[in-house]
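Some notes on the structure that comes next.
Values reported hereafter were calculated over all heavy atoms of this structure, with side chains retained and with hydrogens, waters and symmetry mates removed. Small disclaimer: the values here were computed from a predicted structure and weren't measured. Labels below follow one simple rule: chain letters A, B, ... track the order of the sequence lines, proteins then strands, and each chain is numbered from 1.
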Amino acid sequence: MSGSRAKKYRFHSFRRNWDLYLLFSPVIIYFVVFHYVPMYGVQIAFKDFIANKGITGSPWVGFKHFERFFDSFYFWRIMKNTLGIGLYELIVGFPIPILLALMIHEIRSGKFRRFVQTVTYMPHFLSTVVMVGMIMMFLSPVSGLINLAITALGGETISFMTEPGWFKSIFVWSGVWQTMGWSSIIYLAALAGVDPQLHDAAKVDGATRLERIWHVNIPGIAPTMVVLLILNVGSIMGVGFEKVFLMQNALNMEASDVIATNVYRSGILGAQYSYSAAVGLFNSVINFILLLTVNRIARKVSSSSLW
Amino acid sequence: MAQSRGDRAVEWMIYAALVLVSVVVLYPVFFVGIASISNPENVMRGEVWLWPKNISLVGYERLFANSELMKGYGNTLLYTVAGTMLNLVMTIAAAYPLSRTDFKGRTVFTILIVFTMFFSGGMIPTYLLIKDLGMLDTFWVMIIPSALSVWNMLIMKTFFQNSIPKEIQEAAFMDGCSNMKVLTRIVLPLSGPVLAVMVLFYAVGHWNSYFNALIYLSDRDKYPLQLFLREILVQGQMQEMVDISDDSLARSMMDAEAIKYAAVIITNLPMLILYPFLQKYFIKGVMIGAVKG
């Protein structure tokens, strides 16, 4: 667009675009009420919440609730589980979609390619409840397919869901099953953007297929990988409430109690609002710091970052 | 150029790996399908694994006879339709102004909105807010707090910016169109693909949503399907459906298994039927979103 036309297009004044602001106003109200008011409400983490005085009227108590959390019997268990599951998920869940995308990209037969994609994307649309339900059906010690297979092969029945040692692996690998296909789409998009001339040049130089994947395709999607890695690291501590909560039971608690479920139990069920808010805030702040740190490192060592 | 032997070996390995991955992903869903229409006794003995055996619809019969569950189905349908409509309106109301370079304050608004993706007040302050607003146990709590997804809004905004030529809008302004007219007569009619994608994303989200209902609803009359599903699949609460006085214990245990398989299928039926047709739209949605990275 040329300069003068751009000027004509820009009406500048608020008056000219008043209807756009009118259209936008419900959005502002929504974000203020449902996102920024809760952020303001986070101050109850530093107060002793008294229901009839409200959030603002309750007395300040400083870091009392944080100290209680750090000193609590469960602190190390929760931290170990939250970080353990988060890291496990990152190490397994990050490279697999990349690998899948690199393989799908090599398929030239359109039909087979579409079939693989259709199949691998599908589990993404199953709800968490159904997903956990299926995990429990397949792993059931009485009627589960896995245990039937184990006993058919002469092994011993394993009570997967009540064995703390199994919890993290079940959680992470079922997550891989559900999301690897969907997460690979973004890499496939990036692979489609790799310059075919680079491949031709590599072929002329006598590069084998694996060498071309390694030296052309992977560098081609590196920026996408960096951005997604940052996002994944930023959510290490944000191990999802829904699935953990559904998979949790009294017997696997030792391995399954994470920050989010702890906040739910003591806050929503136990009505210890201030304490739970403090635990939740601690979690958000660490996550946010992680995100900022990784983003900064990424900007230093490579050219791509979130912002 | 002819392929070298090494290249061909690599290609075969990739094919084999992808076939394996497809089987591993597809089989559990396939199994649930055949198990749901087989005699539960055969399923529990491990005799059903490739083909249904002794067709029996007992799981489905028990499910359909349960009025609470059917009510839940209806509730979910209502939340999905109403919620998706609200989502669509709100997403357009956010994305269109932010896509316009002459909308003053767009940078500030965008930053404030995107910030909420990375930092939030958390479960407890949000819960207290919903409580103070008197929204606990209401229909509204299922649609208003999730009225807008920042991610979807960014997808739509990117689409408006990249796929709707500025020149068309400009020409319309020259002809005296107002902002609203440009939006409803020009921009939205040209936005079919992104609107379809938004409807799909949001509808699936509402259909599967469970967290808000768990936290904010205690009235069983308002429960969505997923909460009943949790009782059946995860907590194994099926006393009403499995008549213990009538059947033997072994019998009712088997029926309980059949009910679980059937429950997974009827919950996902709309999705399983529509999925092959809708798949390309979903991918398009991710692609549009991926442009920005």
Side-chain angles (χ1 to χ4, degrees), chain A residues 1 9-11 14 17 19-20 23-24 26-27 30-31 34-35 37-39 41-42 44 103 106 116 118-123 125-130 132-134 136-138 143 145 148 177 185-186 189 203 208-210 224 227 242 246 263-264 267-268 273 276-277 280-281 284 288 291, chain B residues 1 4 6-7 10 14 17-18 21-22 25-26 28 31-32 44 46 90 93-94 97 102-104 113 116 118-129 145 147-148 166 170 178-180 204 208 210-211 215 226 229-230 233-234 257 260 264 267-268 271 275-276 279 283 286-287 290 293:
Chain A
M1 209 183 297
Y9 184 65
R10 275 169 210 270
F11 300 99
F14 175 79
N17 278 336
D19 44 0
L20 285 184
L23 181 72
F24 197 65
V27 177
Y30 169 78
F31 276 100
F34 288 99
H35 290 274
V37 168
M39 282 185 214
V42 128
I44 66 162
M103 291 199 297
E106 292 302 310
V116 174
T118 307
V119 167
T120 51
Y121 299 167
M122 179 195 53
F125 297 101
L126 299 177
S127 75
T128 319
V129 180
V130 166
V132 174
M134 282 176 64
M136 292 171 75
M137 291 192 288
F138 281 98
S143 59
L145 205 63
L148 287 174
W177 181 83
I185 298 180
I186 201 158
K203 268 187 221 164
T208 66
R209 195 134 176 182
L210 276 181
T224 313
V227 169
E242 291 196 21
L246 286 166
V263 170
Y264 174 76
I268 309 277
Y273 297 127
S276 300
L281 178 63
S284 312
F288 199 62
L291 186 79
Chain B
M1 205 181 294
S4 74
D7 281 1
V10 169
I14 289 173
L18 287 178
V21 168
S22 304
V25 172
L26 195 58
F31 176 79
V32 172
M44 281 184 88
M90 288 292 283
D102 60 325
F103 184 68
K104 270 210 167 150
I113 287 174
T116 65
F118 301 112
F119 195 80
S120 74
M123 201 188 290
I124 303 300
T126 312
Y127 176 80
L128 290 175
L129 167 76
L148 185 55
K166 275 207 175 85
E170 218 179 309
S178 69
N179 280 317
M180 288 304 124
V204 170
N208 287 341
Y210 141 84
F211 181 75
I215 292 195
Q226 300 289 339
L229 209 61
R230 170 182 168 230
L233 291 178
V234 181
E257 287 302 306
K260 288 183 187 176
V264 169
T267 306
N268 290 305
M271 201 59 234
Y275 175 67
Q279 203 226 131
I283 298 174
V286 181
M287 298 291 198

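Rounding to the nearest 0.5 Å gives a distance of 10.0 Å between CG of B:L18 and CD of A:E106. To the nearest 0.5 angstrom, B:L129 atom CG is 12.5 Å from A:M39 atom CE. The CD1 atom of A:I44 sits 5.0 Å away from the CG atom of B:L128 when rounded to the nearest 0.5 Å. The distance from the CE atom of A:M137 to the CG atom of B:L233 is 6.0 Å, given to the nearest 0.5 Å.
Comparing A:V116, A:V119, A:L126, A:T120 by how many heavy-atom pairs each has under 4.5 Å with chain B, the most go to A:V119. The residue among B:T267, B:V21, B:L148, B:V32 with the most heavy atom pairs within less than 4.5 Å of chain A is B:L148. The residue among A:G267, A:S276, A:P123 with the most heavy atom pairs within less than 4.5 Å of chain B is A:S276. For the set B:A94, B:G46, B:G122, B:G6, the entry with the most heavy-atom pairs within less than 4.5 Å of chain A is B:A94. The most heavy-atom pairs under 4.5 Å with chain A, out of B:L26, B:I14, B:T116, come from B:T116. Contact count versus chain A (heavy atoms, under 4.5 Å) is highest, among B:S22, B:P276, B:A17, for B:S22. Across A:L281, A:V263, A:V130, the residue that shares the most heavy-atom pairs under 4.5 angstrom with chain B is A:V130.
With a threshold of 4.5 angstrom between heavy atoms, B:M180 approaches chain A through its backbone and through its side chain. Within the 4.5 angstrom heavy-atom criterion, only side-chain atoms of A:L145, from C-beta onward, approach chain B. Residue contact with chain A, scored on non-hydrogen atoms closer than 4.5 Å, involves the side chain of B:Q279 exclusively. Looking at A:L23, the atoms closer than 4.5 Å to chain B (heavy atoms on both sides) sit in the backbone and in the side chain alike. Looking at A:F125, the atoms closer than 4.5 Å to chain B (heavy atoms on both sides) sit in the backbone and in the side chain alike. Within the 4.5 angstrom heavy-atom criterion, only side-chain atoms of A:F31, from C-beta onward, approach chain B. Heavy-atom distances place both the backbone and the side chain of A:M103 under 4.5 Å from chain B. Residue contact with chain A, scored on non-hydrogen atoms closer than 4.5 Å, involves the backbone and the side chain of B:F103 alike. When heavy atoms are compared at a cutoff of 4.5 Å, A:T224 does not approach chain B at all. With a threshold of 4.5 angstrom between heavy atoms, B:L229 approaches chain A through its backbone and through its side chain. Looking at B:V10, only its side chain comes within 4.5 Å of chain A, counting heavy atoms on both sides. Proximity to chain A (any heavy atom under 4.5 Å) is restricted, for B:Y127, to the side chain, taken from C-beta onward. Both the backbone and the side chain of B:T126 come within less than 4.5 Å of a heavy atom in chain A.
The side chain to side chain donor-acceptor pair (under 3.5 Å) search around B:S120 returns none, not counting sequence neighbours. Qualifying salt bridge (Lys or Arg N to Asp or Glu O under 4.0 Å) partners for B:E257, counting only residues two or more places apart in sequence or in other chains: B:K260.
Judged by distance alone, with hydrogens and angles left aside, the side-chain atoms of B:Y275 form a donor-acceptor pair with the main-chain N or O of A:M122 at under 3.5 Å. Proximity of a side-chain donor or acceptor of B:D7 to a complementary backbone N or O of A:R209 within less than 3.5 Å is detected. When atom types are taken as modelled, the side chain of B:N208 and the backbone of A:T128 share no donor-acceptor pair closer than 3.5 angstrom. The backbone N or O of B:S178 lies less than 3.5 Å from no partner atom in the side chain of A:D19, so there is not a single donor-acceptor pair.
For the residue pair A:F24 and B:A93, the shortest heavy atom distance occurs at CD1-O, 3.4 Å. Taking both residues in full, the closest heavy atoms of A:P26 and B:M90 are given as O-CE, 3.7 Å, listed atom of the first, atom of the second, then distance.
With contacts defined as side-chain heavy-atom distances shorter than 4.5 Å, the pair A:Y264/B:I215 qualifies. At least one side-chain heavy atom of B:I113 sits under 4.5 Å from a side-chain heavy atom of A:V27. At a threshold of 4.5 Å between non-hydrogen side-chain atoms, the residues B:Y210 and A:S127 do not count as touching.
Classification of the A:F288-B:F119 ring pair by plane angle, with boundaries at 30° and 60°, yields perpendicular.
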